[in-house]
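Computed from a prediction, not measured in an experiment: that's the story for all the values here. Computation of the quantities below employed the complete heavy-atom set of this structure, encompassing side-chain atoms and omitting hydrogens, waters and symmetry-equivalent molecules. Proteins get letters first, then strands, A, B, ... in listed order; numbering begins at 1 in each.
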Amino acid sequence: MDDPPPLERERRAKLERRRAAGEEPYPWSFPGRALSGEVRRACQALSAGQDERSRAWRVAGRLTTIREHGKTAFADLEDADGSLQLLLRSDLLGEDAYRARLAELDPGDIVGAEGWAAVSKRGEPSLAVSGVTLLAKAIAPPPEKFHGLQDPEQRLRRRYLDLLASPERRRLFRARAALMSEIRRFLDGEGFLEVETSTLLPVASGAAAAPFVTHSNYLDADLQLRISLELPLKRLLVGGLERVYELGKTFRNEDLDSTHSPEFTELEVYWAYADYHDMRGLVERLFARLADRTDALFPDVAEVRAAAGRFRPPFATVDFVEELERRSGIPDLLGKDRDALRRLARAAGSTVPENSSTGTFLDKLFEKYVEPTFDRLTFVVDHPEATTPLAKRHRSKPGRVERFEIFVPGFELGNAYTELNDPEEQERRFRAQLGDRGDDRYAYDDDFVRALRHGLPPTTGVGFGVDRLLMALTGTPSIKEVILFPLIRSSAPPREGGTRS
RNA sequence: GGGCCCGUAGCUUAGCCCGGUAGAGCAGGCGGCUCUUAACCGCAAGAUCAGGGGUUCGAAUCCCCUCGGGCCCGCCA
């Protein structure tokens, strides 16, 4: 076995001294605990140098810093509610107890403290401590107290250290949870039913992306992790559920970069007897709610409020074809065949494969000429039919589908259609795309076509990348910063250490 | 897949160009201090310079390989 790191030896010795004194260094509970905010509020009635001994408080949390001044010491205790200064004095604790306690406490320790509300002479709300209980000894030291954990690799690999060193990071992940709850509250209030569909499937479908493959021992069959929620949810509307949504993990076996994660959280919403105009209204109401909630969560952070402000009207709207023709100077895009579009995409600098579909080349052109021009939240509407096998053809614009995509500067947030519900048309589109692409990446889902034959009501649906939505709302530039444990290569195995005796 | 950059004590880092005993701050140890809040002052300790190989009298520093990470580009309807 390895020797304990020298820096941990002292902390371990302190732990053993506690045990030798008959005290449990990892006790089971600390009853009667108040949050730090309650004590801070109790301090508001006091002026500097005053205390209030009629009420005893018990608080618990992690010690972040300890400042010793001979017969007085200050320590900061952090809990879910914030930070509270502990005021330790030799005349309150008794000289021996004071010395003994300070000798055994380290930054990073989890402690319980009891005492009374007091405001220091310098005006800091505090707890004047009459007793301290060790609740969990930190054998390993915390990150540096001022700079925190800076190494980006360690921040991802050991997220618990990143979180314990950074109240801001903790706040971001609390905000993530609060915004997810807000999404659920909003959709529940609109009469949508939250459902959970399968993650493991015989064939992942509903998008063109490489799946993760795993194996069922029981079935003796390979299974794939889902790449989209779309087709199972539409089946539920065939089944009569009418309004459903799912909020869950989706997996794509592709690269990780600032806006892509192989494992990400998706929201998809399907709404029978409504079209994409209705969906746009629903999305705009959801945005208003999320913007309000974000403002409430970060009232003091101007950057976040500015980012959340993008989710309030007026929103920009551009027609896919008109905007692409205008920005690129290319006329009559819908009249071009695949070869012509391929040449145009090449000329624009795209290196997508030769056998890519007509839709892919159009998307690439849009990506090159139009996407970089977005300076606000923008709805892109009415895409060419070739880009979209699952959307219904436009009721008045030939060659188009009823679709909108939502962009913020830098990336796509969401995608909505009036859903294609004609089974024969669906089958034709699937086959057209297969033939067009000449590759097998798009899994043909014949059971989905069979389900459509039983009748899918007129329906609209939308899908959101929830991690990206959180990035855009909070102004966070990297998807890794809104995912607690992003995928990362496992670190190299430790070297053999067999020569130690 | 291509390019650029990074890895020094538990943490934050200096040193690398231009080769010559690896320097600090925080945390930890010892001592001092009754109002600090990145507390302060003094003393002592703490380093596989990511790993391996090469060049050299001498490598944290120059070269090559490997590992890990970051950013950009490509790909991901």
Check your understanding: A:Gln150 near the nucleic acid: base, sugar-phosphate alone, or nothing, with a heavy-atom cut-off under 4.0 Å?
Key -> sugar-phosphate

Exercise for review: Determine the Euclidean distance between corresponding P atoms of B:rA47 and B:rA22; express it in Å to zero decimal places.
Suggested key: 13 Å

Practice item. Determine, for A:Glu322 against A:Arg326, whether the closest basic-nitrogen to carboxylate-oxygen distance falls under 4.0 angstrom. Key: no

Check your understanding: Can you check whether A:Lys364 has a side-chain N or O nearer than 4.0 Å to OP1 or OP2 of B:rA77?
Key -> no

Check your understanding: What about A:Asp151: does its side chain form a donor-acceptor pair under 3.5 Å with the base of B:rG7?
Key -> no

Point to revise | Electrostatic pair A:Glu230-A:Lys234, nearest N-O below 4.0 angstrom | key: yes

Review point. Between A:Lys368 and B:rG74, does any side-chain N or O lie under 4.0 Å from OP1 or OP2?
Key: yes

Check your understanding: Heavy atoms under 4.0 Å, any strand shown: does A:Gly108 hit a base, just sugar-phosphate, or nothing?
Key -> nothing

Check your understanding: Rounded to whole angstrom units, what separation is found between the CZ atom of A:Arg157 and the P atom of B:rC6?
Key -> 20 Å

Review point. Partner of B:rG7 by Watson-Crick or G-U wobble geometry, both contacts under 3.5 Å, or none?
Key: B:rC67

Review point. When the P atoms of B:rG23 and B:rA9 are considered, how many whole Å apart are they?
Key: 14 Å

**Study point:** Atom-pair distance (CD on A:Glu68; C1' on B:rG28), nearest Å
**Key:** 12 Å

Point to revise | Partner of A:Glu402 by salt bridge (charged side-chain N to carboxylate O under 4.0 Å, His left out), out of A:Arg395, A:Lys397, A:Arg393 | key: A:Arg395

Review point. What is the distance, rounded to the nearest whole Å, between atom OH of A:Tyr98 and atom P of B:rC35?
Key: 10 Å

Practice item. Establish whether the base of B:rC11 is bridged to the side chain of A:His147 by a donor-acceptor pair shorter than 3.5 Å. Key: no

Check your understanding: Is A:Arg62 salt-bridged to A:Asp79, cutoff N-O under 4.0 Å?
Key -> no

Write down the protein N/O and nucleotide N/O pairs, taken from nucleotides 70-72 of chain B, whose separation is under 3.5 Å; answer none if there are no such pairs.
{"residue": "B:rG70", "atom": "OP1", "partner": "A:Lys480", "partner atom": "NZ", "Å": "2.8"}
{"residue": "B:rC71", "atom": "OP2", "partner": "A:Lys480", "partner atom": "NZ", "Å": "3.3"}

Study note, to complete from the structure: Re B:rC35: Watson-Crick or G-U wobble partner, both distances kept under 3.5 Å, found to be none

Review point. Which residues satisfy the side chain to side chain contact (heavy atoms under 4.5 Å, CB included) test with A:Glu427, sequence neighbours excluded?
Key: A:Arg431, A:Tyr444, A:Val449

Exercise for review: Assess A:Arg280 against A:Phe379: is NZ or CZ under 6.0 Å from the centre of the six-membered ring, and within 45 degrees of the ring's axis?
Suggested key: yes

**Study point:** Rounded C1' spacing from B:rU56 to B:rC64 in Å
**Key:** 16 Å

Check your understanding: Which whole number of Å gives the distance between the C1' atom of B:rG74 and that of B:rG68?
Key -> 23 Å

Check your understanding: Charged N to carboxylate O under 4.0 angstrom, A:Glu38 versus A:Arg40?
Key -> no

Check your understanding: Checking side chain to side chain contact (heavy atoms under 4.5 Å, CB included) against A:Leu86, which of A:Leu105, A:Ile66, A:Leu127 comes through?
Key -> A:Leu127

Review point. Quick one: is A:Thr351 getting a side-chain N or O under 4.0 Å of the B:rG1 phosphate, OP1 or OP2?
Key: no

Exercise for review: May I ask which nucleotide in the shown strands pairs with B:rC43, Watson-Crick or G-U wobble, both distances under 3.5 Å?
Suggested key: B:rG29

Practice item. Sticking with atom C1', work out how far B:rC26 lies from B:rA14, rounded to a whole angstrom. Key: 15 Å

Review point. In whole angstroms, how far is the C1' atom of B:rA27 from the CD1 atom of A:Ile139?
Key: 15 Å

